[in-house]
**Student:** 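This is the structure I have questions about; it appears just below.
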Amino acid sequence: MKSEPTRREFLNATARGAGLVALGSTAAYLVIKAGPDGYWQVDPRKCINIRLGAVNVEVCDKCATTCVLPLSAVRAVNEYAKCGRCCICPSYFDVTSEIGRDGLPTRKLCPRDAITREAIGDVDPDDPLNNFYDYHIDEDKCDGCGKCVMACKEPAGLGSLRLEVRHSLCVDCNRCTIATACPDDALVRNTNDLSKMDPHPEEETA
Ligand code: SF4
Ligand code: SF4
Ligand code: SF4
């Protein structure tokens with residue numbers, strides 16, 4: 001006897017249906033559902049925005065601009081275990097902007113205002129650099145443009161931000177259009193959890 005779908009399965013099916021309806025007919029052939037062999041994911045060892053060591057290079061925006069969905073299925077994710085909770089986070093602030101009276105940059109980096117922060121403990125106004133924050137991504141706003149991910153690298157960042165295909169949003173195209181556009185071959189079809197992979201594996205073995 002066929003069992004009732006779980007709430008999660010129901011929501012996933014609804015999200016996929018909504019995504020398909022939103023697609024134009026020209027893109028429809030791409031979203032013939034791929035086989036049950038895995039799922040599309042960003043390989044953090046290849047993506048130029050994620051991999052450590054790739055600094056002073058242009059941000060790649062293809063995850064945001066080439067997905068078949070109106071708002072890409074790719075999102076920035078903060079791995080809290082790695083995050084330094086810095087007061088002047090280079091992914092939260094545009095560190096090239098003018099410094100205000102409070103000693104902090106006056107502009108934010110995210111073009112969609114998708115990053116918020118929450119102070120940890122009491123804030124000392126006389127010593128702003130000694131305050132620490134939790135940084136959160138609003139996934140309803142983020143489009144995976146990668147700017148914050150690129151900024152969270154050495155020497156200022158710790159590489160805690162990365163990009164991920166959100167499987168609750170992805171319609172699992174037979175041929176992912178981001179994979180076709182990706183200059184690093186970093187959008188791959190995989191059965192493993194790539195989010196657990198270190199973007200700089202050479203460091204581990206050194
Ligand atoms: S990936 Fe782009 S849109 Fe998303 S939080 Fe980072 S800067 Fe903002
Ligand atoms: S398979 Fe690729 S292009 Fe299709 S919805 Fe998923 S991330 Fe977007
Ligand atoms: S298209 Fe490729 S290189 Fe560009 S952000 Fe996406 S995964 Fe990274």
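Computed over heavy atoms, backbone and side chain alike; hydrogens, waters and symmetry mates excluded. For reference, positions follow the sequence shown, starting with 1. Both counts, for ligands and for their atoms, begin at 1 and track the order of listing. Keep in mind that what you see is a predicted model, and the values were worked out from it rather than measured.
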**Student:** Quick one: closest heavy-atom pair of I137 and C142, and the distance?
**Tutor:**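 Nearest heavy atoms, I137 then C142: CG2-CB, 3.9 Å.
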**Student:** At their closest point, which heavy atom of C83 faces which heavy atom of Y135, and how far apart are they?
**Tutor:**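 That would be SG-CD1, 4.4 Å.
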**Student:** Show the atoms of ligand 2 that are less than 4.0 angstrom away from any heavy atom in V171.
**Tutor:**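 So the atoms of ligand 2 that pass are 5 (S).
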**Student:** Specify whether an N/O/S atom of C170 falls short of 2.8 Å from atom 8 (Fe) of ligand 2.
**Tutor:**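 No, C170 does not qualify, because none of its backbone or side-chain N, O or S atoms lies under 2.8 Å.
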**Student:** To the nearest 0.5 angstrom, please state how far the CD1 atom of I48 sits from the SG atom of C182.
**Tutor:**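 Nearest 0.5 Å value for the CD1-SG distance: 9.5 Å.
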**Student:** In terms of atom number and element, which parts of ligand 3 are under 4.0 angstrom from non-hydrogen atoms of L163?
**Tutor:**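 Numbered from 1, ligand 3 contributes 5 (S).
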**Student:** Applying a heavy-atom cut-off of 4.0 Å, say which part of I115 lies close to ligand 1: side chain, backbone, both or neither.
**Tutor:**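 It is the side chain that gets close, since no backbone atom is under 4.0 Å.
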**Student:** Answer yes or no as to whether an N/O/S atom of C110 is found below 2.8 Å from atom 8 (Fe) of ligand 1.
**Tutor:**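 For C110, the answer is yes, given that an N, O or S atom comes within less than 2.8 Å of atom 8 (Fe) of ligand 1.
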**Student:** Do the charged groups of D184 and R51 touch, with an N to O distance under 4.0 Å?
**Tutor:**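 A salt bridge links D184 with R51.
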**Student:** Salt bridge check, D43 against R189: does any charged N sit closer than 4.0 Å to a carboxylate O?
**Tutor:**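 Salt bridge: no.
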**Student:** So does D134 pair up with R85, basic N to acidic O under 4.0 Å?
**Tutor:**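 Between R85 and D134 there is a salt bridge, with a charged N closer than 4.0 Å to a carboxylate O.
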**Student:** Atoms of ligand 2 less than 4.0 Å from T177 heavy atoms?
**Tutor:**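 Checking each atom against T177, I get 3 (S).
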**Student:** Can you list the ligand 3 atoms lying under 4.0 Å from a non-hydrogen atom of V42?
**Tutor:**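 Listed by number with element, the hits are 7 (S).
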**Student:** Atom CD1 of I50 and atom CZ of R45: how far apart are they, to the nearest 0.5 Å?
**Tutor:**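 Answer for the CD1-CZ pair, I50 versus R45, is 11.0 Å.
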**Student:** Within the 4.0 Å heavy-atom shell around D184, which atoms of ligand 3 are there?
**Tutor:**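 That gives atoms 3 (S) of ligand 3.
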**Student:** Report the part of D43 in contact with ligand 3, treating N, CA, C, O as backbone and CB onward as side chain, heavy atoms under 4.0 Å; options are side chain, backbone, both, neither.
**Tutor:**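 Neither; no heavy atom under 4.0 Å.
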**Student:** Report whether any nitrogen, oxygen or sulfur of C148 sits less than 2.8 Å from atom 6 (Fe) of ligand 1 (N, O or S, backbone or side chain).
**Tutor:**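 Checking C148: at least one N, O or S atom is under 2.8 Å.
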**Student:** Starting from atom 8 (Fe) of ligand 3, which protein heavy atom do you reach first, and at what distance in Å?
**Tutor:**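 Its nearest protein heavy-atom neighbour is C47 SG, 2.4 Å.
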**Student:** Where is the nearest protein heavy atom to atom 2 (Fe) of ligand 3: which residue, which atom, and how far?
**Tutor:**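 Minimum-distance protein heavy atom for atom 2 (Fe) of ligand 3 reads C182 SG, 2.3 Å.
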**Student:** Which residue owns the protein heavy atom closest to atom 4 (Fe) of ligand 3, what's the atom, and how far is it?
**Tutor:**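 Protein heavy atom with the smallest distance to atom 4 (Fe) of ligand 3: C60 SG, 2.3 Å.
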**Student:** Nearest protein heavy atom to atom 5 (S) of ligand 3, by residue and atom, and its distance?
**Tutor:**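 Scanning the protein heavy atoms, the shortest distance from atom 5 (S) of ligand 3 goes to N49 ND2, 3.3 Å.
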**Student:** Closer than 4.0 Å to some heavy atom of G146 - which atoms of ligand 1 meet that?
**Tutor:**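 Within the 4.0 Å cut-off of G146, ligand 1 contributes 1 (S), 2 (Fe).
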**Student:** Relative to the heavy atoms of C173, which atoms of ligand 2 are at a distance of less than 4.0 Å?
**Tutor:**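 So the answer, numbered in order with elements, is 1 (S), 3 (S), 4 (Fe), 5 (S).
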**Student:** What residue and atom, counting heavy atoms only, is the protein's closest point to atom 3 (S) of ligand 1, and at what distance?
**Tutor:**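 Atom 3 (S) of ligand 1 sits closest to the protein heavy atom D143 OD1, 3.5 Å.
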**Student:** What distance do L109 atom CG and Y92 atom OH have between them, rounded to the nearest 0.5 Å?
**Tutor:**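 Answer for the CG-OH pair, L109 versus Y92, is 11.5 Å.
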**Student:** First locate atom CZ of R75, then atom NZ of K141, and finally report the distance between them rounded to the nearest 0.5 Å.
**Tutor:**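 Here the interatomic distance stands at 13.0 Å.
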**Student:** Mark yes or no for whether T66, through its side chain, and C63, through its backbone, hold a donor-acceptor pair below 3.5 Å.
**Tutor:**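 Checked: no pair found.
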**Student:** Taking all heavy atoms of C87 and all of R117, pick out the closest pair and write down the distance.
**Tutor:**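 In terms of heavy atoms, the two residues are closest at O-NH1, 2.6 Å.
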**Student:** State whether a side-chain donor-acceptor pair under 3.5 Å links S72 with D143.
**Tutor:**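 The criterion, which ignores hydrogens and geometry beyond distance, is not satisfied for D143 and S72.
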**Student:** Identify the protein heavy atom lying closest to atom 6 (Fe) of ligand 3, giving its residue, its atom name and the separation to 0.1 Å.
**Tutor:**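 For this ligand atom, the closest protein heavy atom is C63 SG, 2.3 Å.
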**Student:** Only heavy atoms of C142, strictly under 4.0 Å: list the atoms of ligand 1 that pass.
**Tutor:**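 Ligand 1 atoms under the 4.0 Å threshold to C142: 1 (S), 3 (S), 4 (Fe), 5 (S).
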**Student:** Identify the protein heavy atom lying closest to atom 1 (S) of ligand 3, giving its residue, its atom name and the separation to 0.1 Å.
**Tutor:**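 Result for atom 1 (S) of ligand 3: K62 CB, 3.4 Å.
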